[in-house]
Amino acid sequence: MPAFAAADGTRLAFHLLGTGEPLLCLPGGPMRASAYLGDLGGLARRRRLVRLDLRGTGDSGVPTDPGTYRCDRQVADVEALRAHLGLDRVDLLAHSAAGDLALLYAARHPGRVRSLTLVTARARALGIDFTVEHRREAAALRSAEPWYATARPSFDAIWAGTATDDDWDAAAPFFYGRWDATARAHATSEAEQMNEQAAERYASAGAFAPAATRAALGAPALVLAGELDGGPLPRVAAAVAKLLPDAELVVQPGAGHYPWLDDPAVFTRSVETFLARTA
């Protein structure tokens, strides 16, 4: 298992898949092991995916100081990985909560980022967050699904802060565009891949300074949203794209929070087209 030492000595692991130019991939969760990204719908056929296990997740070590789980403090880990790989500039892909980490890295190290691919990504680093109303709006789009009536009370319990583990399991279909066998298998791996202690600290006070981050960004960006996702809704993703100096928005039809599973061909075509433009 390839690994390197972070600045504080924590051993961080990463996984290599595929061939071609490297694409550094940051997992969301927050603080979920990178295994759930898989080969990103076959993207590994064109790019060499470098999937980082964030500190305290997957095959990476647990830091001595839990305060280093805070998002902005993990920017140094991404920079240490770039240096370990010997790359002058990187193409960076981030999913979900890792959008914040990628944006902070791009702001702190603008000369090191060739492109940003933000996949159904958060942007608290820019001052934009997803509300409970956004989540409910997206959930209502699924009312014709056969699982909706059973799953909706559990979904509402999550955003009310009263959810049990069973509720999280029952609400899983809302996060996928297609609730098929692939989605079911993917959803069952989430609990064992999460570091909940780290997740609680990830966006803690002091992590974000939106005005400074917005002013420092310059790399070309792809903001890819799912038509059925509430985090972000397509119109919220459009607002994120408008805050970036050189961004294009793609809304993948029929996709939820994991668009590479919902339609791998459409997802990989969108990402490959963007990366080819910025190469």
Side-chain angles (χ1 to χ4, degrees), residues 1-45 47-87 90-102 104-105 109 112 117-122 165 168 172 175 182-183 185-204 207 257-258 260-261:
M1 179 64 58
F4 62 100
D8 65 351
T10 303
R11 178 186 177 276
L12 301 180
F14 60 96
H15 305 261
L16 300 172
L17 293 87
T19 58
E21 287 291 313
L23 177 64
L24 271 59
C25 302
L26 304 180
M31 304 306 293
R32 183 175 178 180
S34 69
Y36 82 95
L37 296 173
D39 69 351
L40 285 171
L43 194 57
R45 290 193 293 269
R47 300 293 296 240
R48 189 173 203 197
L49 307 186
V50 183
R51 292 190 340 228
L52 175 63
D53 280 343
L54 304 181
R55 53 182 49 225
T57 71
D59 294 310
S60 286
V62 175
T64 302
D65 178 7
T68 61
Y69 288 135
R70 201 174 74 176
C71 182
D72 60 318
R73 298 186 67 179
Q74 294 191 64
V75 168
D77 294 345
V78 181
E79 174 61 4
L81 174 58
R82 180 205 62 77
H84 175 79
L85 296 172
L87 300 174
V90 297
D91 294 311
L92 196 59
L93 180 147
H95 175 245
S96 192
D100 289 321
L101 177 55
L104 292 179
Y105 178 81
H109 300 281
R112 297 299 188 184
T117 300
L118 303 174
V119 180
T120 59
R122 300 197 79 140
D165 288 345
W168 280 99
F175 298 94
T182 297
H186 189 263
T188 59
S189 67
E190 181 173 7
E192 65 187 22
Q193 293 171 349
M194 291 289 295
N195 181 332
E196 294 185 3
Q197 178 196 22
E200 290 174 357
R201 294 177 177 266
Y202 185 77
S204 54
H257 199 58
Y258 306 95
W260 65 90
L261 296 177

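Computed from a prediction, not measured in an experiment: that's the story for all the values here.
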side-chain contact (heavy atoms from CB on, under 4.5 Å) evaluation trace for Leu24 with Leu81: CA-CA 9 Å; Leu24 271 59; Leu81 174 58; 4.1 Å; yes

At what distance, to the nearest 0.5 angstrom, does [atom1] of [X] lie from [atom2] of [Y]?
{"X": "Arg32", "Y": "Met194", "atom1": "CZ", "atom2": "CE", "value": "7.5 Å"}
{"X": "Leu49", "Y": "Leu37", "atom1": "CG", "atom2": "CG", "value": "8.5 Å"}
{"X": "Leu26", "Y": "Ser96", "atom1": "CG", "atom2": "OG", "value": "12.0 Å"}
{"X": "Leu93", "Y": "Leu40", "atom1": "CG", "atom2": "CG", "value": "6.0 Å"}
{"X": "Arg51", "Y": "Asp39", "atom1": "CZ", "atom2": "CG", "value": "9.0 Å"}
{"X": "Asp53", "Y": "Asp77", "atom1": "CG", "atom2": "CG", "value": "12.0 Å"}

Quick one: does [X]'s side chain get under 4.5 Å of [Y]'s, heavy atoms only?
{"X": "Asn195", "Y": "Leu54", "value": "no"}
{"X": "Tyr69", "Y": "Val62", "value": "yes"}
{"X": "Asp65", "Y": "Asp8", "value": "no"}
{"X": "His15", "Y": "Asp59", "value": "yes"}
{"X": "Gln74", "Y": "Thr68", "value": "no"}
{"X": "Phe4", "Y": "Leu85", "value": "no"}
{"X": "Leu101", "Y": "Val75", "value": "yes"}

Identified salt bridge (charged side-chain N to carboxylate O under 4.0 Å, His left out) counterpart of Asp91 within the set Arg82, Arg112, Arg47: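 Single pass found, and it is Arg47.
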
Do you know the tightest heavy-atom contact between [X] and [Y]?
{"X": "Pro30", "Y": "Tyr202", "value": "CB-CD2, 3.5 Å"}
{"X": "Ala35", "Y": "Gln193", "value": "CB-NE2, 3.8 Å"}
{"X": "Arg55", "Y": "Pro63", "value": "NH1-CB, 3.3 Å"}
{"X": "Ser60", "Y": "Ala13", "value": "OG-N, 2.8 Å"}
{"X": "Arg48", "Y": "Gly20", "value": "CB-O, 3.4 Å"}
{"X": "Tyr105", "Y": "Leu92", "value": "CD2-CD2, 3.9 Å"}

Leu16/Val50 under side-chain contact (heavy atoms from CB on, under 4.5 Å): CA gap, chis, key distance, verdict: CA-CA 5 Å; Leu16 300 172; Val50 183; 3.7 Å; yes

Residues Tyr36 and Glu190: side-chain donor-acceptor under 3.5 angstrom: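 Side chains of Tyr36 and Glu190: no pair found under 3.5 Å.
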
Over 12 foreign heavy atoms within 6.0 Å of CG, Asp165: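 No - once you tally the heavy atoms of other residues, nucleotides and ligands closer than 6.0 Å, there are 12 at most.
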
Sequence-distant partners of Tyr258, ring-ring contact (aromatic ring centres under 6.0 Å, His included), two or more places apart: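 Listed in chain order: His95, Tyr176, His186, Trp260.
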
